[in-house]
Amino acid sequence: MAMSATDIEQLIKAGIPDARVTIDDLRGDGDHYAARVVSAAFIGKSRVQQHQMVYQALKGRMGGALHALALQTSPPED
C-alpha cells in the first residue's frame with residue numbers, strides 16, 4: 001500500500017524533530033514523491049549523510065511502501 005504525503009512528513013519529523021518538510025506528489029498517484037527537508041541537524045554533514053538521515057527516519061519504507069522519493073536536503077540558510 002502506498003504512503004500518503006502526511007505519513008512521509010510525520011516520519012521524517014519524528015526522526016529529525018527540527019526538520020522543515022515539504023512534500024509534493026509528483027504524479028498524483030500517491031507513489032512518486034519529491035521531498036525538501038531543511039534541518040540544522042544537517043550542518044557539517046555531506047549530502048549523502050543528510051539523505052541517509054532521512055532514509056533512517058523513514059524506517060525502511062523506501063522501496064517498499066514508499067516507491068519513489070526525489071530528495072533534496074540542506075541545512076537552514078539563516
Item checked: Those residues that, when tested against K59, pass side chain to side chain donor-acceptor pair (under 3.5 Å) (two or more places apart) -> none
Checklist line | Distance in Å, S39 OG paired with K13 NZ, rounded so as to fall on 0.5 Å steps | finding: 11.5 Å
Item checked: Q50: side chain to side chain contact (heavy atoms under 4.5 Å, CB included) partners, not counting sequence neighbours -> F42, K45, R47, T73, P75
Margin query: With ring pair (Phe, Tyr, Trp, His ring centres under 6.0 Å) as the rule and sequence neighbours excluded, what pairs involving residues 20-41 come up?
Written below: H32-H67
Note to self: Strictly by ring pair (Phe, Tyr, Trp, His ring centres under 6.0 Å), give each pair with a member in residues 3-27 just once, sequence neighbours left out.
What the structure shows: none
Check: Mind checking what makes side chain to side chain donor-acceptor pair (under 3.5 Å) contact with T22, not counting sequence neighbours?
Finding: none
Checklist line | Set of residues satisfying side chain to side chain donor-acceptor pair (under 3.5 Å) with respect to S46, sequence neighbours excluded | finding: Q49
Check: Taking a hydrophobic cluster as the set of Ile, Leu, Val, Met, Phe, Trp and Tyr residues connected by side-chain heavy atoms closer than 4.5 Å, whether directly or through intermediates, do M3 and V21 fall within one such cluster?
Finding: yes
Margin query: Distance check, rounded to the nearest 0.5 Å: D31 atom CG versus L69 atom CG?
Written below: 11.5 Å
Margin query: Using the side chain to side chain contact (heavy atoms under 4.5 Å, CB included) criterion, which residues pair with A40? Sequence neighbours excluded.
Written below: D18, I43, P76
Item checked: Partners meeting side chain to side chain donor-acceptor pair (under 3.5 Å) with D7 (sequence neighbours left out) -> S4
Item checked: Spatial distance of atom NE2 (H51) from atom CD (Q56) [nearest 0.5 Å] -> 14.5 Å
Note to self: If hydrophobic clusters are built by linking Ile, Leu, Val, Met, Phe, Trp and Tyr wherever their side-chain heavy atoms come under 4.5 Å apart, do L26 and L66 end up in the same one?
What the structure shows: no
Notebook entry, point to check: Is there a path of hydrophobic side-chain contacts, each under 4.5 Å between heavy atoms of I, L, V, M, F, W or Y residues, that connects Y55 with V38?
Noted result: no
